[in-house]
Amino acid sequence: MTPKEFISKWEVTREDMALICSRSIATVNSWFAGTKRYKAPAADVLRHLALMDFLLENFDAIPRELLERLCGNNLEGYSP
């Protein structure tokens with residue numbers, strides 16, 4: 001999934017995207033630059049966004065027990 005598709009679908013900020021992809025905000029901004037500063041995102045970035053898209057789409061189907069193992073007991077307000 002491209003950064004433009006992801007940001008449009010999930011309405012996240014570029015700062016959020018930087019956290020998701022483990023990149024700097026400057027790098028994320030370069031993916032949206034319409035000038036010679038444009039830098040195409042690497043394949044691992046596209047995978048990160050595709051995985052996050054999958055998780056967000058299917059979050060309600062993830063069993064609570066698995067989430068607790070992955071996230072600890074910090075699931076206040078979660079209900080599948």
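Quick note: numbers below take in every heavy atom, side chains included, and nothing from hydrogens, waters or symmetry partners. By convention here, the first residue in the shown sequence is residue 1.
- To the nearest 0.5 Å, atoms CZ (R14) and SG (C21) are separated by 13.0 Å.
- Taking the side chain as every heavy atom from C-beta outward, M17 and L49 approach each other to under 4.5 Å.
- Both L55 and L66 sit in one connected hydrophobic cluster of ILVMFWY residues. Membership requires side-chain heavy atoms under 4.5 Å apart, directly or through other members.
- The shortest non-hydrogen separation linking F6 to D53 is CE1-N, 3.8 Å.
- Taking every heavy atom of both residues into account, P3 and W31 meet most closely at CG-CE3, 3.7 Å.
- Contact annotation: the side chain of D44 approaches that of R23 to within less than 4.5 Å [non-hydrogen atoms, C-beta and beyond].
- For the residue pair Y38 and P41, the shortest heavy atom distance occurs at OH-CD, 4.0 Å.
- The backbone N or O of T13 sits less than 3.5 Å from a side-chain atom of D16, completing a donor-acceptor pair.
- Note: the hydrophobic cluster containing I62 does not contain M52 (ILVMFWY, side chain heavy atoms under 4.5 Å, direct or indirect links).
- In the displayed structure, E15 atom CD is contacted under 6.0 Å by more than 12 heavy atoms of other residues, nucleotides or ligands.
- Through direct or relayed side-chain contacts under 4.5 Å between Ile, Leu, Val, Met, Phe, Trp and Tyr, L51 connects to no other residue.
- Taking each heavy atom of L46 and T2 in turn, the nearest pair found is CD2-CA, 4.0 Å.
- No salt bridge links E65 with R69; every basic N to acidic carboxylate O contact stays at or beyond 4.0 Å.
- At a threshold of 4.5 Å between side-chain heavy atoms, the hydrophobic network of Ile, Leu, Val, Met, Phe, Trp and Tyr places M1 and L56 in one connected group.
- Around atom NZ of K9, more than 12 heavy atoms belonging to other residues, nucleotides or ligands sit under 6.0 Å away.
- Both I20 and F32 are part of a single hydrophobic cluster, where members link through side-chain heavy atoms under 4.5 Å apart.
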